Amino acid sequence: MWTVELRLALLILATYTLLILLLGRWSARREARRARSALERIPLGFLRLLPDGRYVEANSIARQLLSLPAASGRLPEARWRPWLEEDMQAARAEWAGRSRLVAMGEGNALQWWVAPEGEEFWLFVADAGEGYRGLQMLRRWLAGLAHELRTPLATMLTHLEVLKLPSIAPEIRAQSLEILEAEARRMLRMAHGVLELGRLAGEPPVLRPLDLTEVVRAAVAEKLPEAQARRQTLTVEIEQGLPMAVGEADRLKQVFLNLLDNAIRYSRPGDRIAVTLRRVPAGIQCTVADTGPGIPEAHLPYVIEPFYRGDVGESGGSGLGLAIVAEILRQHRAGLEIESRTEGETGTAVRFTLPVWEEGG
């Protein structure tokens with residue numbers, strides 16, 4: 001009798017233990033499914049890799065970023081493959097994660113982190129294109145700034161040597177001092193422009209619904225005294241009933257200020273400058289047009305390049321105004337269009353279209 005009871009107790013204990021194990025495995029699988037479901041919803045790619053170059057699972061973001069044809073398979077023979085194998089070997093040797101920024105070409109880049117997990121590896125991948133493009137752009141701007149600073153610095157050094165002469169005419173001294181001040185102000189404007197471009201590259205705008213009418217009227221009110229001092233006419237034409245636009249008010253105001261500054265600087269006394277807002281199917285079309293002398297056709301493709309001034313002569317600008325405008329508009333999902341005429345009815349028109357705010361968007 002005791003033996004039968006003991007066997008029954010052992011059977012009950014074994015059954016209970018088996019149920020606990022099965023429930024534990026089911027719970028673990030459920031938690032694993034939940035974890036993978038959560039990982040699928042975040043903007044981060046992940047792969048489970050084998051040492052021989054195969055991957056046994058990859059979420060949709062990873063497949064998109066690495067151009068993988070399926071959720072499992074063999075890694076392609078891409079230009080980044082040797083770098084990944086190098087990081088996998090280093091991670092295995094050090095038994096620690098390895099991170100790398102990978103340039104993918106055409107301004108695109110990835111940031112990955114690879115770590116060993118038993119005989120396999122986990123690879124996490126994120127899109128680093130925005131930051132990489134900003135870094136590359138800032139490098140170009142700094143190189144352009146260094147190139148542009150050489151001319152004013154050489155001019156300043158020349159006039160400083162002139163001022164050291166024991167006997168120079170008062171008018172020559174005054175002229176040298178005037179040139180020194182002008183070149184110093186020019187350098188300061190360039191430095192401010194590059195700092196602004198760097199800030200734009202590092203701080204994406206906060207896009208909110210805004211009344212573009214208020215932004216435009218504020219910019220025009222700020223530049224109107226300058227236009228009047230140059231005997232130019234500055235007007236605003238705004239279509240009634242415009243919807244709310246999407247953007248950051250301060251940066252869009254900077255766009256209009258820069259465009260108005262160019263229009264006023266390059267226009268002549270008696271010229272007209274008009275700012276127009278109107279509804280179009282794609283959004284709100286914004287135009288800043290003038291009746292100035294226009295931009296030669298050969299220069300139009302390059303005017304938004306940093307420091308490019310063509311053959312317009314000494315305008316007092318930094319050569320960065322349109323580059324700043326183009327970068328702000330790019331961040332607002334808008335492109336810049338420039339039309340200009342140098343014959344007949346001369347003038348320049350700069351246009352861009354901003355998206356409108358959708359309810360619930």
Side-chain angles (χ1 to χ4, degrees), residues 200 205 207-297 299-301 303-304 312 315 317 320-358:
L200 291 175
L207 304 181
R208 297 189 178 97
L210 60 89
D211 185 352
L212 198 58
T213 299
E214 294 182 1
V215 174
V216 168
R217 294 195 185 280
V220 169
E222 191 169 323
K223 301 302 292 185
L224 183 59
E226 185 179 346
Q228 291 175 336
R230 291 171 173 259
R231 303 195 304 278
Q232 297 163 351
T233 303
L234 177 54
T235 60
V236 181
E237 301 174 15
I238 300 177
E239 182 179 311
Q240 293 295 320
L242 286 179
M244 301 289 278
V246 179
E248 186 175 302
D250 288 342
R251 294 195 180 184
L252 290 176
K253 181 183 177 184
Q254 187 65 48
V255 165
F256 286 102
L257 286 174
N258 284 17
L259 294 178
L260 287 170
D261 185 68
N262 275 358
I264 293 169
R265 177 177 287 116
Y266 295 115
S267 292
R268 303 154 297 197
D271 279 332
R272 300 182 305 279
I273 302 166
V275 182
T276 305
L277 301 184
R278 68 185 185 95
R279 186 74 161 93
V280 296
I284 301 176
Q285 186 182 77
C286 312
T287 306
V288 178
D290 63 65
T291 60
I295 304 170
E297 185 177 358
H299 298 295
L300 281 178
V303 291
I304 67 171
V312 295
S315 64
L320 291 168
L322 284 179
I324 291 173
V325 166
E327 175 61 16
I328 294 174
L329 293 180
R330 185 192 65 80
Q331 294 177 342
H332 283 75
R333 305 189 300 274
L336 190 64
E337 301 176 6
I338 304 175
E339 298 177 358
S340 195
R341 301 180 305 276
T342 57
E343 297 179 359
E345 295 184 0
T346 62
T348 300
V350 182
R351 295 188 184 89
F352 56 92
T353 302
L354 294 171
V356 299
W357 177 259
E358 302 290 346

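On a predicted model such as this, the values are computed, not experimentally measured, just so you know.
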Interatomic spacing from [atom1] in [X] to [atom2] in [Y] - rounded to 0.5 Å:
X      : Y      : atom1 : atom2 : result
Ile273 : Thr348 : CD1   : OG1   : 10.5 Å
Leu252 : Glu214 : CG    : CD    : 13.0 Å
Ile324 : Leu257 : CD1   : CG    : 11.5 Å
Cys286 : Leu329 : SG    : CG    : 8.5 Å
Glu297 : Glu343 : CD    : CD    : 10.0 Å
Lys253 : Leu212 : NZ    : CG    : 13.0 Å

Side-chain touch [X]/[Y], heavy atoms, less than 4.5 angstrom:
X      : Y      : answer
Arg265 : Asn262 : yes
Leu322 : Leu259 : yes
Val215 : Phe256 : yes
Leu354 : His332 : yes
Val255 : Phe352 : yes
Val288 : Leu260 : yes
Val303 : Ile338 : yes
Gln254 : Ile328 : yes

For residues 236-249, which side-chain N or O atoms pair as donor and acceptor with protein atoms under 3.5 Å away, sequence neighbours left out?
{"unit_1": "Glu239", "atom_1": "OE1", "unit_2": "Arg279", "atom_2": "N", "d": "3.2"}
{"unit_1": "Glu248", "atom_1": "OE1", "unit_2": "Val206", "atom_2": "N", "d": "2.7"}
{"unit_1": "Glu248", "atom_1": "OE2", "unit_2": "Arg251", "atom_2": "NE", "d": "3.4"}

task: Could you tell me which non-hydrogen atom of Pro296 sits nearest to which non-hydrogen atom of Thr342, and how far apart they are?
output: N-CG2, 3.7 Å
Minimum-distance pair of heavy atoms, taken over all atoms of Val280 and Gln285: CG1-CB, 3.9 Å
- request: Go through Ile284 and Thr353 one step at a time and tell me if the side chain to side chain contact (heavy atoms under 4.5 Å, CB included) criterion holds.
  value: CA-CA 5 Å; Ile284 301 176; Thr353 302; 5.8 Å; no
- prompt: Salt-bridged, Asp271 to Arg268, with N to O below 4.0 Å?
  reply: yes
task: Examine distances only and state if a side-chain atom of Asp290 and a backbone atom of Ala263 form a donor-acceptor pair shorter than 3.5 Å.
output: no
Any donor-acceptor N/O pair, Ser340 side chain to Ile295 backbone, under 3.5 Å: yes
Set of residues satisfying salt bridge (Lys or Arg N to Asp or Glu O under 4.0 Å) with respect to Glu337, sequence neighbours excluded: none
message: The test is side chain to side chain donor-acceptor pair (under 3.5 Å); show your working for Thr276 and Thr287 and say whether it passes.
response: CA-CA 5 Å; Thr276 305; Thr287 306; 5.6 Å; no
message: Looking at Arg341, I want to see if its CZ is surrounded by more than 12 non-hydrogen atoms of other residues, nucleotides or ligands under 6.0 Å.
response: yes
For residues 226-235, tabulate all N or O donor-acceptor pairs below 3.5 Å that involve a side-chain atom, not counting sequence neighbours.
{"unit_1": "Glu226", "atom_1": "OE1", "unit_2": "Lys223", "atom_2": "NZ", "d": "2.8"}
{"unit_1": "Gln232", "atom_1": "NE2", "unit_2": "Ile264", "atom_2": "O", "d": "3.2"}
{"unit_1": "Gln232", "atom_1": "NE2", "unit_2": "Ser267", "atom_2": "O", "d": "3.2"}

